[in-house]
Each structure stands twice: as structure tokens, then as C-alpha cells.
Amino acid sequence: MSQKLLLSIPSAPTLDARATAGLVRRWRHVSDPRNLAVVYDELRAAGPLVPTPWRALLVTGYDDCRQVLAERNWRTLSASWRDRHRPGWRDSPSTAGLCETPLQQDPPEHTARRRPLAAALTPRVVADLAASVVEPLADEYVSDFAARVRREGSADIVGAVCRPLPTAVLAGLLGLPAAVDQAWLTAESLAMVRVEELASPPSVVRRADQAAEAQLACYERILADRRRRPTGDLLSRWAADDPEGARYLLLTLFSAGVPTTAALLAGLAQALATLPGLAARIGREPDFADRLVDEMLRWDPPGRVVTRVAGADTELGGRPLPGGQIVHALIGAAHRDPELFADPHTFDPDRPPQRLLAYGSGLHYCLGALLARAQATAFMRGFARELPGARLAAPPVRQPGPSMADITRLPIAL
Ligand code: HEM
């Protein structure tokens, strides 16, 4: 099979600049993963590196994306890079805030900011949290939701469970005061990361900027309180150890942990409500929930694009590239690479395990991968138990844009 597909994929670009620009424009406006399949195939057929009108390159192959994520000479669009290339960028509080998170930092800043987060999310902490916080919360949210569906006929699972649950879990990890409005925090986290979408319109950037400022002010109030009245907990330690930077640790957790996990849960809910037999297998087969999570992360990873810049002259996709070249690694396309995944556009939880790129690779590998998995498996077990025979009451509503998988509404009925 792979031989047949290889024959149909030219190794050099076959499209002229105008056709490529049209293809990139189409890619930017597609959000439904079923439609992305066609665009990913066309991009791949245009060659391993597809030029964009803004002089970046789209990287579609699995090995090339992995190289970009894992190799040290690929750098983030960090504050120092932006100071050199994007005058005025500090006027945007959302971009400025993201550049204070490890996601947009390189060593040595990256190392220092990542360390306390890694210490807060060790496998042992997450295993304890899964039993004491994640599972009880997932059970509560899903059973309340099921009761509402029985009462009202149908309800939106994204607004009721998929989005609030990751915020509630982080609130539990951090011991956030009860006075913090979690629904507000969820909305602000989601609004802020929209700035990462390629070519966000000014209204989206303005909203992201407001969300960054409001969140940072909220985190600062919480930390100031812990500084005045330390309790010996995680937030008290962060507040004391790094008075300037602690608020960015909170910003990192909510912006990296809420939109991504919410998108994963929503995708899983859609799969459970549309593909017959999946929910029943969760109860019957001990490792099926894990395989379902892996296949959802492959088929439509919550973060579909990671952007990097070449720190020095390098080579990618068989081509020499100059230092300073910006690339967008299309993780979503890499996960549909026919050289690695048989029948790549088919959602198949029974496919053999593969090393996925959904959580990144190398220096920036996701610190919340275990926590996200704990939430996804607890959510699906609750779903299978409480919502047997669940179906979609209406088609899912999706956020436009190619970079982030995001179902904003998913009405479920029984
Ligand atoms: C399904 C859910 C999730 C997905 C798909 C996901 C995906 C990713 C990816 C792709 C990266 C690397 C980005 C890059 O290389 O630029 C990353 C980094 C990160 N993630 Fe996650 N993530 C998820 C959930 C979480 C959660 C729940 C947390 C925290 C509680 C979290 C915390 C982080 C942090 C702190 C980083 C930055 C690591 C660094 O730059 O050194 N993530 N995540």
C-alpha cells in the first residue's frame, strides 16, 4: 500500500506560486478534520516544504516535523527573536505573555521557567491527582450532564464538561481560592490562545490581549495573597521563589492545559456519540480508552501547528535552508503521513501504536501529557457509563482556523 501511495506523491513541488498560495489560503480556512484530509493530501503532493505568501514553509511529513520539534537548532519565536524582527510586538499583551511561558522561550530562559512546572507535574503528583481530583471531578461533571440530558432532552457537552473540567482540575492541582470564577478563567484561557492562530484578525488579537491582561491581574492577586499569608502550598512556594515570574507559571498552565484538553475531550465525545460500539468497548477492554485517546490525538491533534525558526543554516526535507527561515510544522498533516500510517484518514483505534507528535518532541515536550490522559480516560469511562446510547442532537460547531482543533458546541441526546 505504501508503495502505491509513494508513487503518487512527487518529491519536488509541482505547483506554481499562485496555486500554492491558493492551497495555503484554503488550508487556513478549513477547520473540520474531514475537510483537512483533502487539504493535507494536496499540500503533501506539493512537496515536503510548501512556501506560504508570508515566506514561511509548511512542513507536512512526519520525519521532517519531528526533526523541527526535536532538534536544538530550531528555535521558538522568542522575545529576543521578536525584538530583532517584529518591532512593536510588545504592544500585544497576549503575545508578550506567551513569550514569558516556556512555549515561546529557548534556553536558558526556557530551562528556568520549565523547571518549576516540571516539578509540579511529576508522574507521582499526577497519579495522586488522578485519584484524588481528576476521577471524582470527571464523574461529577459527566453524571450532572447526563442528568441534564435526561431532563432536557439534549445539552451541549462542550460547555458543560469538556471546557470546565480541565480548568477545575488545574484549580485542584493549584489549590486556587474558591472565589476565582472558573467559568471566567476557562473563557479567558480559550480567548488568549487564539492569538496563536495564524493571521488572527485584529478583533481576535484584541480579545486575546484583554484576556492576557485580565488573567495576569487575577494571578497576581492570588499570588500577592499567598505572599502575605503563605500556606506552604505550591502557590505560596512559587510566589516566594519567583515574585516576578510566578504569574507566568499560572498563565502557562491555563493556556497550555485548558484549550488543548478541552479540544481532546470534545473530539472524544464526538467519536463516542457517532461511532457505534466504541463506548461499549471502554467498559469491556481495559486498555481501549488509552487506544482511543491515542487515535484521537493522531487523527486530529488539539494543537495542529508548531512554529519554529532555523537558528542557523540547516537542512530539512532534503533541502538546504538558511538560518532565520520560519517553518510551520503541521502536526495534523504529519499524523496523516501515509509512509507511517496505513489508511491515514480513517479513524481507527485498533491501529498499531506509533510515536505521535501531538505532545511535541524534544525540549518542549508537553509537561501535561499524563494529566491530559488521566482526564480523557476518566471522562470517557464516565461517558460510557452514564450516557449509553448517546448520539449527536445537532452537528458540532467548530472554531474557524487550521491551527487548533476546537469544537465549540456539541449537543448530545440519548
Ligand atoms: C491533550 C492535551 C494536550 C496537548 C495535545 C498538548 C500539546 C502540547 C504540545 C504540542 C506542546 C509542545 C509545543 C511546542 O513544542 O512548541 C506542549 C507543551 C506544553 N504543555 Fe501541553 N498539551 C496538552 C495538555 C497539557 C496540560 C493539561 C498541561 C498542564 C497542566 C500542559 C502543559 C504544557 C506545558 C507547560 C508545555 C510547555 C513545555 C515547554 O515548552 O517546555 N499541556 N503541549
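Computed from a prediction, not measured in an experiment: that's the story for all the values here. Remember, it's 1-based here, ligands and their atoms both numbered in the order they're listed.
Side-chain contact check for His328 and Trp27: no donor-acceptor pair (N or O, by modelled atom type) lies under 3.5 Å.
Every atom of ligand 1 with a heavy atom of Pro102 under 4.0 Å away is listed here by number and element: 39 (C), 40 (O), 41 (O). Proximity to Arg114 (heavy-atom distance under 4.0 Å) selects the following atoms of ligand 1: 38 (C), 39 (C), 41 (O). Contact atoms of ligand 1 toward Leu170: 30 (C) (distance under 4.0 Å to a heavy atom of the residue). Against a heavy-atom cut-off of under 4.0 Å, Leu371 is close to the following atoms of ligand 1: 30 (C). Every atom of ligand 1 with a heavy atom of Gly368 under 4.0 Å away is listed here by number and element: 25 (C), 26 (C), 27 (C), 28 (C), 29 (C), 31 (C), 32 (C), 42 (N).
Heavy-atom proximity to atom 10 (C) of ligand 1, evaluated over Ala358, Gly257, Cys366, is greatest for Ala358. Selection from Val169, Leu367, Val126 by nearest heavy atom to atom 34 (C) of ligand 1 gives Leu367.
Looking at Asp294 and Arg373, a side-chain N of the basic residue comes within less than 4.0 Å of a carboxylate O on the acidic one, giving a salt bridge. We find that Asp242 and Arg113 are joined by a salt bridge, their nearest charged nitrogen and carboxylate oxygen being less than 4.0 Å apart. A salt bridge between Asp144 and Arg148 is absent, with no side-chain N of the basic residue lying under 4.0 Å from a carboxylate O of the acidic one. Electrostatic pairing of Asp406 and Arg163 counts as a salt bridge here, judged by a charged N lying under 4.0 Å from a carboxylate O. Salt bridge status for Asp106 with Arg72: absent, with no side-chain N to carboxylate O gap under 4.0 Å.
For Thr252, every heavy-atom contact with ligand 1 shorter than 4.0 Å involves the side chain, none the backbone. The part of Leu363 lying near ligand 1 is the backbone, judged by heavy-atom distances below 4.0 Å. When non-hydrogen atoms are compared, ligand 1 lies under 4.0 Å from neither the backbone nor the side chain of Gln105. When non-hydrogen atoms are compared, ligand 1 lies under 4.0 Å from the backbone of His364 as well as from its side chain.
The nearest heavy-atom contact from the protein to atom 14 (C) of ligand 1 is Arg308 NH2, 3.4 Å. In terms of protein heavy-atom proximity, atom 1 (C) of ligand 1 is nearest to Leu264 CD2, 3.6 Å. Here the protein heavy atom with the shortest distance to atom 33 (C) of ligand 1 is Ala256 CB, 3.6 Å.
Residue Leu370 holds its CG atom at 14.0 Å from CZ of Arg124, rounded to the nearest 0.5 Å.
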